[in-house]
Enquirer: 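Quick one: the structure is below, questions incoming.
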Amino acid sequence: MEEKVLKRKKNGMMVLLLSLIIYAAAIAGTVIGGIMVERGENPALLIIGIILLCVTWLFWPGLKVLKPQEALVLTLFGKYIGTLKEPGFYFVNPFCTAVNPAAKTKLNQSGDVNNGILAKNTTEVEMPTKKISLKIMTLNNNRQKINDCLGNPVEIGIAVTWRITDTAKAVFNVDNYKEFLSLQCDSALRNIVRLYPYDVAPNVDTTGDGIADEGSLRGSSETVATRIRDEIQVRVNEAGIEVVEARITYLAYAPEIAAVMLQRQQASAIIDARKMIVDGAVGMVEMALERLSENQVVTLDEERKAAMVSNLLVVLCGNHDAQPIVNSGSLY
């Protein structure tokens, strides 16, 4: 199915004014014709007035108003005749029907949701429209629980910005282009997330080149989002949809393992901190021994050096403040 853009003259206002003039004339003719019939004169004017009253309103369903970034897909007795895209006031065949299979579909996206809740002090209800929006829309898909490449369950949500580029494909190639996009987002997200670990892990190939890399959902969010966008685009080309961008909006371990993974992260942080403390303590001990030897402050044998090193490491690496003990006796 290929899109056919209709280049019609924007003569809707002219047809509207003309039909109103004819309708007013028909009313006047009907009234005058009724008076003439009562007088026994020819009823032709009354008959013409009644016919015009019954026919003139048929022009009004053919009046179509389009705002910027809106389109109208028209069919005539089941046949696709074209799409109106330019903003303006049009008059088309009154028997043409506008088609938008997703008019009543409400997803968690910009432009067409109110969460099903209306304000208490209002009775306003927005009627579904057959017009198709050509604006950039944002689909905030529901969070999903997916196993990463290591088998850990993670919860992830994405926001996809998209727009319709081919109205004919969007209307006729798929049953409902909004639901189709949402389902393809879910499927593409699962396919990409299962290739990555949540955090950097050894011996994991995320690019498919056979070489281990440091890709992860947490650390390579831009790369992951780009791959998700490309995956979705391949799937929705047939629906005439362009995926502008995909972004990860939520990422966390699933609740059942979140506490364990938090402990793991805490343990890793403690180990890293301890390594830094030990490295610094060893450097300080080496410096102390070198300074004592250079300045010949005291001469220590290997046993005394070992005891001094042990004491300094205990003091420098301990979690509590040292409690000094003053030795007033001899070293030997």
Side-chain angles (χ1 to χ4, degrees), residues 1-8 10 64-75 80-90 92 96-116 126-144 156-192 221-250:
M1 179 66 68
E2 294 184 359
E3 182 183 60
K4 295 186 293 184
V5 179
L6 298 176
K7 301 293 184 180
R8 289 181 177 268
K10 302 171 185 178
K64 307 293 182 183
V65 178
L66 286 182
K67 293 180 287 187
Q69 296 297 316
E70 285 185 345
L72 206 60
V73 177
L74 300 175
T75 61
Y80 172 60
I81 61 173
T83 302
L84 293 175
K85 280 190 171 182
E86 294 293 327
F89 192 11
Y90 294 90
V92 298
C96 285
T97 304
V99 182
N100 184 4
K104 297 181 180 180
T105 303
K106 301 296 183 183
L107 297 177
N108 190 21
Q109 65 181 28
S110 61
D112 67 351
V113 298
N114 57 4
N115 295 326
E126 184 178 355
M127 299 300 294
T129 177
K130 294 297 184 178
K131 299 173 184 177
I132 297 176
S133 176
L134 302 179
K135 303 174 184 177
I136 295 179
M137 305 283 286
T138 301
L139 171 64
N140 189 14
N141 231 26
N142 295 327
R143 297 176 186 175
Q144 295 189 68
I156 185 170
I158 60 171
V160 179
T161 54
W162 62 282
R163 63 185 171 192
I164 293 178
T165 56
D166 191 311
T167 57
K169 288 183 177 180
V171 171
F172 299 113
N173 282 8
V174 294
D175 183 57
N176 186 315
Y177 60 86
K178 291 182 180 179
E179 292 181 353
F180 179 77
L181 174 64
S182 180
L183 292 174
Q184 296 306 321
C185 288
D186 292 344
S187 178
L189 183 62
R190 288 185 176 276
N191 282 349
I192 299 301
S221 58
E222 292 290 337
T223 303
V224 175
T226 300
R227 293 187 66 176
I228 292 173
R229 180 233 172 247
D230 294 339
E231 181 80 8
I232 298 173
Q233 184 62 69
V234 171
R235 295 168 178 266
V236 300
N237 278 332
E238 192 62 25
I241 295 174
E242 177 191 357
V243 180
V244 179
E245 188 181 42
R247 291 290 178 186
I248 296 176
T249 57
Y250 181 84

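Numbers for residues simply follow the sequence, beginning at 1. Given the structure is predicted, the values throughout are model-derived calculations rather than measurements.
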Enquirer: Quick one, Ile192 and Val224 - any side-chain contact, counting heavy atoms below 4.5 Å?
Expert: yes
Enquirer: Quick test of your reading of the model: are Arg235 and Glu231 salt-bridged, counting only N-O distances below 4.0 Å?
Expert: yes
Enquirer: If you look at every heavy atom in Pro101 and Asn176, which pair is closest and at what distance?
Expert: O-ND2, 3.5 Å
Enquirer: To the nearest 0.5 Å, what is the distance between OG1 (Thr75) and CZ (Phe172)?
Expert: 6.0 Å
Enquirer: Mind checking ring pair (Phe, Tyr, Trp, His ring centres under 6.0 Å) for Phe180 and listing every partner two or more places apart, or none if nothing turns up?
Expert: none
Enquirer: Report the distance from atom CG of Asn142 to atom CG of Leu189, rounding to the nearest 0.5 Å.
Expert: 11.5 Å
Enquirer: Using a strict 4.0 Å threshold on nitrogen-to-oxygen distance, state whether Arg247 and Glu222 make a salt bridge.
Expert: yes
Enquirer: Could you go through the side-chain contact (heavy atoms from CB on, under 4.5 Å) check for Trp162 and Met137 one step at a time?
Expert: CA-CA 5 Å; Trp162 62 282; Met137 305 283 286; 3.6 Å; yes
Enquirer: Only one of Glu70, Glu3, Gln69 clears side chain to side chain donor-acceptor pair (under 3.5 Å) with Lys85; which?
Expert: Glu3
Enquirer: Looking at Thr138, is its backbone amide N or carbonyl O close enough to the side chain of Thr161 to form a donor-acceptor pair, meaning the two atoms are under 3.5 Å apart?
Expert: no
Enquirer: Leu6 and Gly82: which non-hydrogen atoms are nearest, and at how many Å?
Expert: CG-CA, 3.7 Å
Enquirer: How about NZ on Lys135, more than 12 heavy atoms from neighbouring residues, nucleotides or ligands closer than 6.0 Å, or not?
Expert: no
Enquirer: If every non-hydrogen atom of Pro87 is compared with every non-hydrogen atom of Pro68, which pair is closest and at what distance?
Expert: CB-N, 3.8 Å
Enquirer: Might you point out which heavy atoms bring Tyr80 and Thr83 nearest each other, and give the distance in Å?
Expert: OH-OG1, 2.7 Å
Enquirer: With rounding to the nearest 0.5 angstrom, report the CG to NZ distance, Leu66 to Lys131.
Expert: 6.0 Å
Enquirer: Apply side-chain contact (heavy atoms from CB on, under 4.5 Å) to Asn100 and Tyr177, showing your working.
Expert: CA-CA 9 Å; Asn100 184 4; Tyr177 60 86; 3.3 Å; yes
Enquirer: Measure across Ser221 and Ile248 and return the closest heavy-atom pair with its distance rounded to 0.1 Å.
Expert: O-CD1, 4.3 Å
Enquirer: Nearest 0.5 angstrom please: Thr249 OG1 to Asn140 CG, how far?
Expert: 5.0 Å
Enquirer: Donor-acceptor pair, distance only, cut-off 3.5 Å: does the side chain of Lys178 make one with the backbone of Lys104?
Expert: no
Enquirer: Please evaluate residues Leu84 and Val92 with respect to the criterion side-chain contact (heavy atoms from CB on, under 4.5 Å), reporting the C-alpha separation (whole Å), side-chain torsions for both, the decisive distance (0.1 Å), and the verdict.
Expert: CA-CA 10 Å; Leu84 293 175; Val92 298; 4.0 Å; yes
Enquirer: Can you tell me if Arg229 uses its side chain to pair, donor with acceptor, with the backbone of Val243 under 3.5 Å?
Expert: yes
Enquirer: Taking the side chain as everything from C-beta on, heavy atoms only, tell me whether Glu242 gets closer than 4.5 Å to Gln233.
Expert: yes
Enquirer: Hey, mind stepping through Val160 and Ile228 against side-chain contact (heavy atoms from CB on, under 4.5 Å) and telling me if it holds?
Expert: CA-CA 10 Å; Val160 179; Ile228 292 173; 5.8 Å; no
Enquirer: Contact between Asn141 and Asp186 at the side-chain level, heavy atoms closer than 4.5 Å - yes or no?
Expert: yes
Enquirer: OG/Ser182 to CD/Glu179 distance, rounded to the nearest 0.5 angstrom?
Expert: 8.0 Å
Enquirer: Which atoms form the tightest heavy-atom contact between Asn237 and Ile241, and what is the distance?
Expert: OD1-O, 4.4 Å
